[in-house]
Every structure is written in structure tokens, then in C-alpha cells.
Amino acid sequence: MSAEQRDLTYRNPVLDADWSDPDVVRVGDDFYLTASSFGRAPGLPLLHSCDLVNWTLVGHALERLEPESEFTTPRHDCGVWAPSLRYHDDRFWIFWGDPDQGIFQVNAPEIRGPWTRPHLVKAGKGLIDPCPLWDDETGEAYLVHAWARSRSGVKNRLTGHRMHPHGTELLDEGKVIVDADRIPGWFTLEGPKLYRHDGWFWILAPAGGVETGWQGAFRAREFFGPYQEKVVLEQKDTDVNGPHQGGWVRTPSGEDWFLHFQQRGAYGRVVHLQPMRWGEDGWPVLGDAGAPVTEHRRPDLPAQPPAAPATDDDFPGGRHGRQWQWTANPRDGWTTQHSGDGLRLGCVRSADTHDLRKLPNVLTQRLPGMPCTVEVELRLDSEEPGARAGLAVLGDAYSWIGLQRGEDGAVHLVHRFAEAVAEQERDADRPRPAPEGRARLRIDIGAGARCRFSCDTGDGCRPSGQVFAATPWRWVGALLGLFALAPTGQGHAGAATFTRFRISAS
């Protein structure tokens, strides 16, 4: 293939990291995408593109999770599930389900905000994956949502409501509009996206589970049904397992495209772009006759320079970039702003220093979906015995490498890990001296998210420990994390400074 031909095509995934449960909307010539953020803060990431292929992260719609008392400690698989992004009445709207609380909504005049505080539209357990629709033909508004069996005892069905046009309340008790228990072979129907097209109400919704499922389409002349169904995207003979759950968008020239995810283990849910057209029978046709494409002609949109959500960070003025999220709502004192570069993390005192999975003060970003090298420079400024700081790969199992102040006052390089079933971490290699209290930490991440740790404490880069296979959480891909900790006690425990965080393709 020539360079000119490559310039006319794109390859999937277009977002090669865990941008779970994507939804997309076009406003003018711009496309915007949001995704699940679960228990991390800030939540509801906001991405922008002009060509549906190159995306940048422009902010978050949810500064803190509410109620705050529920998110003072990590709840990695809870919080913000499967949001829907819409533009109506000159405002952006995002609806999402918190499986433990109900359906929330925020809105803003511009994608960068200011966004409203979360408003609870419908309270209840197990209410997930909501999507609104404002019908421009009739002035009516609707909302559809799915169910989480883990909280409600119900799943595999979609419930519909009439909604007040101002988007803050529902006008009825709701009715089951699709019961997939009545459809032979269908299970775990969820993630509905609601549209009007060609005189029909359309619900694009996945079923069959995140790793093995398919994308379905449903249509009805009336919102409350009855609905017809059809499978419109499935793995077939490709290597794209479980292709489903996403959103339909139309370009200014009238082309239709569908963005969805693929579950890839420790890498989480990466985002694919599929061509879409409407068949002679009136049903949507996704991908290559219903199979996901690996490479395809680019959308008919102005050419854009290559772009992707940022990963590198020099932490200017002590501030971290928008690609970073805390594992719970942040508190004062975790970071310190200053005049130079570098992230100063306070060594937060905790009784859980033995288990990073329990800590709210871990600053994280998504694990890249391709082989890469992660590096960061660390200086441990704390004089507190037991204070530590490092770079982690975090999931149901985790491993980290960093520096720790010993009882004798010396600083040591340490490398530790914890298996998924372990209640506390163990040494992954023997500690060794770090006489200057500095280190350059490195993780080489290869195929299958296999991680090899190494470190330079002034005598050259040396490998540490055995290979570590990153693992996801239940619904969340593995995360890269920076942290600083100290044992319980009194008074300020000092800080650690991180500089020159870099991720480079291998």
C-alpha cells in the first residue's frame, strides 16, 4: 500500500486504550465523545475530533463524584456507567447510570463547561445505561435505560419513560419496551442508544456480554413499541471479539458512522470506528456487511494531523494534565503547586500502605493498548521512616517500583506486587540502595500487557523482578499510577516529586 493510500484510510482501534462504553455526537463540524469513568475523579471524559479518527481529550464534565461520602475511598467498578452524550436546545447533555444510586444528568452550554452539578433524574438500584431523546417533530422527550442484575435482580430488558423536555424529571413510572428474554438466544441486553430516523424510533443496543456479544438494532413506529430486532454487527471471522455498545453519528455530508468498543483484557475497552449505511430493507448495515473492519477508507471530512489523547507530562507548576484521574475524590494536600516543573505528591498517611488498591490518592491514567515504554523520574523528599513513592501498574493484581525510606534513614529502591487474591503486597525483588534518594523508573509493556520493571538509581538501568502480567478490574482496564504514602502517625510526612513522565511506543 502506498503512502497516499494509507493517508486515505484509517486502522482500528481509533482510540487504543480504555475509553469504555463510548457515545458520540456531532455539533456543527465538530465531534465529541464521552465514556465511562467508573469511580475515578474527575469523571466523564470529553474528547474532541474533526475527522472521527484523531481524538484529543479536552476536559471532564464531572469534577467530583456525588454523593461525596460514597467516593472517599476507591470503588473501581462503581460510579459512572455508560453515559450518553447529546446536544439539544443549545446545550450539551450527559446522562449516566450509577448502579447503586440511579440515573443522573449534567448539562453545559459549551463542551468545556461550565457543567451543572449532577442532578438525580430517577433514583433506584440497578438503573444503568440511560439515553435521552428529544423528538424534534413532536416536541416530546423520552428516556430509555437498562438494568444491572447485581443490584436489581433484573437484566436483559430495556425500560422506557416519557421525560419532561427540560430533562430533569420523568413523567411516568416506565414500561418495559424490549424484553430480550422473549427473543431466542438473546441475553444481557444493555447499553441502549435512542434515535429517530426515517419515521422510526431506533434503539441501538448490545447483547451477549462484553467479550463475546454483538450489536443489535431495534425499531418501532411508536416509542413504547412493539419493537422489531436485528443483529447488525458481530465478530464473524474477524479477531474483533464482542464488537458492540457505542453510538451512531452522521457527518455534514451525510455519511453514517458507528463508534463502539472491543474488550481487550488488561487494556480495557478500546474504541473502533465502523462505516454504517442504511440497507434497502431500512435496517442499518455496520462494518463490512455486519463484520467489523480493521482498515477502511476515512470519513469524508477535512484531513487532520495525527492526534491522540495526551499521555506525557512535565507537570508544569506542579499541576498534572487532564489525562490523570484519582482513584477517588481528591482531597486538599495531595499535591502542591509551585513555580517549577514536577508533580509534588504529599506522602499521605494511611493504614493501607500495604495495598494500593484501597488507596484514594493514586493518580492514574489509562494503560496504552500497544507495546510501549513508561518512564518517570522520582525524588523521595520525605524523611519519614516507611515513606514510599513509586510507579504502579494497577488492577485486580498490581505491581510497583519506587523508593522507600528505611528505619535507618537510608533510601532504598523497592519493587513489590500483590496477586488478585492477596490482601497485602510482597517484594518482587530484593531492595537495593538508592543513595541519592532519586531514581528513574521504567516499565516496558509488551504484548499481552506483560510488564518488565527496571530502574536507574545512578549506576545504569537494571532490570527488577519477574515479568508481571497486568490484569483489569472487573469492568475497568489496568491503570498506570503514581503515588506517595507514609505510615500512620502525626504531622506532615513530607513529599515525593515526579518529573518527566513519558510513554513511548516500543
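The analysis underlying the following values was restricted to heavy atoms, covering all of them including side chains, and did not include hydrogens, waters or symmetry mates.
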Chemist: Under a 4.0 Å threshold between the charged nitrogen and the carboxylate oxygen, would R500 count as salt-bridged to E375?
Modeler: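 The answer is no: the pair does not qualify as a salt bridge.
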Chemist: Would E377 and R438 pass as an ion pair if we require N to O under 4.0 Å?
Modeler: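 No salt bridge links E377 with R438.
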Chemist: Just checking R64: does its CZ atom have more than 12 heavy atoms from other residues, nucleotides or ligands closer to it than 6.0 angstrom?
Modeler: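 It does: R64 CZ has more than 12 such atoms within range.
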Chemist: Kindly indicate whether the side chain of T251, heavy atoms from C-beta on, has any atom under 4.5 Å from the side chain of F31.
Modeler: yes
Chemist: With no hydrogens and no angle check, just 3.5 Å: does a side-chain donor-acceptor pair link E63 and W115?
Modeler: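 Not at all, the side chains of E63 and W115 share no donor-acceptor pair under 3.5 Å.
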Chemist: Would you name the heavy atoms of T73 and P360 that are closest together and state the gap between them?
Modeler: CA-CB, 4.3 Å
Chemist: Does a side-chain heavy-atom distance below 4.5 Å link F38 with V80?
Modeler: no
Chemist: Please find the pair of heavy atoms, one from H145 and one from P130, that lie closest to each other, and give the distance.
Modeler: CB-CA, 3.9 Å
Chemist: Hey, is D313 close enough to R502 for a salt bridge, meaning N to O under 4.0 Å?
Modeler: no
Chemist: R91: which residues meet the side chain to side chain contact (heavy atoms under 4.5 Å, CB included) condition with it, sequence neighbours left out?
Modeler: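 Side chain to side chain contact (heavy atoms under 4.5 Å, CB included) check on R91 returns W93, N107, P109, T116.
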Chemist: Locate the shortest heavy-atom distance separating G191 from A146; write the atom from each residue and the value.
Modeler: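 Nearest heavy atoms, G191 then A146: N-CB, 4.2 Å.
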Chemist: Over 60° means perpendicular and under 30° means parallel, so tell me whether F453 and H415 are parallel, tilted or perpendicular.
Modeler: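 Judged by the thresholds at 30° and 60°, the geometry between F453 and H415 is tilted.
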Chemist: Output yes when a side-chain donor or acceptor of H166 lies under 3.5 Å from a complementary backbone atom of T168, and no otherwise.
Modeler: yes
Chemist: Classify the ring geometry of F104 against W96: parallel below 30°, tilted from 30° to 60°, perpendicular beyond 60°.
Modeler: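 Aromatic pair F104/W96 classed parallel.
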Chemist: Would you kindly say whether D444 and T373 are connected by a side-chain donor-acceptor distance under 3.5 Å?
Modeler: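 Yes, T373 and D444 have a side-chain donor paired with an acceptor closer than 3.5 Å.
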Chemist: Within the structure provided, determine whether L363 and H320 are in side-chain contact (heavy-atom separation under 4.5 Å).
Modeler: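 The answer is yes; the side chains approach within 4.5 Å.
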Chemist: Using atom types as modelled, flag every donor-acceptor pair under 3.5 Å from a side chain in residues 342-351 to any protein atom, sequence neighbours excluded.
Modeler:
{"unit_1": "R349", "atom_1": "NE", "unit_2": "G491", "atom_2": "O", "d": "2.8"}
{"unit_1": "R349", "atom_1": "NH1", "unit_2": "E384", "atom_2": "OE2", "d": "3.0"}
{"unit_1": "R349", "atom_1": "NH1", "unit_2": "P487", "atom_2": "O", "d": "2.9"}
{"unit_1": "R349", "atom_1": "NH2", "unit_2": "E384", "atom_2": "OE1", "d": "3.3"}
{"unit_1": "R349", "atom_1": "NH2", "unit_2": "E384", "atom_2": "OE2", "d": "3.3"}
{"unit_1": "R349", "atom_1": "NH2", "unit_2": "Q490", "atom_2": "O", "d": "2.9"}
{"unit_1": "R349", "atom_1": "NH2", "unit_2": "G491", "atom_2": "O", "d": "3.3"}
{"unit_1": "S350", "atom_1": "OG", "unit_2": "D352", "atom_2": "N", "d": "2.8"}

Chemist: So which heavy atom on A493 is nearest to which on A486, and how close?
Modeler: CB-CB, 3.5 Å
Chemist: So for atom CG, which belongs to D29, do other residues, nucleotides or ligands contribute more than 12 heavy atoms lying within a distance under 6.0 Å?
Modeler: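 Not more than 12 within 6.0 Å, no.
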Chemist: Pair W400, F483 - check ring-ring contact (aromatic ring centres under 6.0 Å, His included), show working.
Modeler: CA-CA 10 Å; W400 68 273; F483 67 91; 4.9 Å; yes
Chemist: Is D456 salt-bridged to R462, going by a charged N under 4.0 Å from an acidic O?
Modeler: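 No, D456 and R462 are not salt-bridged.
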Chemist: Tell me whether the count of non-hydrogen atoms from other residues, nucleotides or ligands lying under 6.0 Å of CZ in R430 goes above 12.
Modeler: no
Chemist: More than 12 non-hydrogen atoms from neighbouring residues, nucleotides or ligands closer than 6.0 Å to CZ on R432, yes or no?
Modeler: yes
Chemist: Give a yes-or-no answer on whether the side chains of S20 and D18 include a donor-acceptor pair shorter than 3.5 Å.
Modeler: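 Result is no, nothing qualifies.
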Chemist: If you draw the axis of the six-membered ring of F71, does the NZ or CZ of R75 fall within 45° of it and under 6.0 Å from the ring centre?
Modeler: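 Yes, a cation-pi geometry.
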Chemist: Under the side-chain hydrogen bond (donor to acceptor under 3.5 Å, both in side chains) definition, can you give me all pairs with a residue in residues 33-42, not counting sequence neighbours?
Modeler: D21-S36, R40-Q325
Chemist: With a 4.5 Å cut-off on side-chain heavy atoms, are L15 and L33 touching?
Modeler: yes
Chemist: Salt bridge or not between E255 and R250? Use side-chain N to carboxylate O under 4.0 Å.
Modeler: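 No, E255 and R250 are not salt-bridged.
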Chemist: So do the side chains of V210 and R269 get within less than 4.5 Å of each other, counting heavy atoms only?
Modeler: yes
Chemist: Taking D427 first and then R416, would you say they form a salt bridge - that is, a charged N and a carboxylate O separated by under 4.0 Å?
Modeler: yes
Chemist: Can you check whether L356 reaches L485 side chain to side chain, under 4.5 Å on heavy atoms?
Modeler: yes
Chemist: Got R298 and V53 here, is their nearest side-chain heavy-atom distance under 4.5 Å?
Modeler: yes
Chemist: If only side-chain N and O atoms count, and only distance matters, is there a donor-acceptor pair under 3.5 Å linking T497 with D381?
Modeler: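 Note: D381 and T497 side chains meet the donor-acceptor criterion.
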Chemist: I'd like to know whether CD of Q466 has more than 12 heavy-atom contacts from other residues, nucleotides or ligands below 6.0 angstrom.
Modeler: no
Chemist: Students often mix this up, so state it plainly: with edges at 30° and 60°, are the rings of F315 and W324 parallel, tilted or perpendicular?
Modeler: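 The rings of F315 and W324 sit tilted, inter-plane angle from 30° to 60°.
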Chemist: Does CD belonging to E68 count more than 12 external heavy atoms closer than 6.0 Å?
Modeler: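 For E68, atom CD is crowded (more than 12 foreign heavy atoms under 6.0 Å).
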Chemist: For the residue pair Q262 / H272, report whether a side-chain donor-acceptor contact shorter than 3.5 Å exists.
Modeler: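 Yes.
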Chemist: Would you say CD of E169 has more than 12 non-hydrogen atoms from neighbouring residues, nucleotides or ligands within 6.0 angstrom?
Modeler: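 Atom CD in E169 is packed in, count exceeds 12.
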Chemist: Determine whether the side chains of E295 and N12 contain a donor N or O and an acceptor N or O closer than 3.5 Å.
Modeler: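 Distance-only check fails for E295 and N12.
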Chemist: Under a 4.5 Å cut-off applied to non-hydrogen side-chain atoms, are P309 and Q365 in contact?
Modeler: no
Chemist: Answer with yes or no whether the side chains of W81 and D129 bring together a donor and an acceptor at under 3.5 Å.
Modeler: no
Chemist: Considering non-hydrogen atoms only, spot the tightest contact between A418 and R357 and give its length.
Modeler: CB-NH2, 3.8 Å
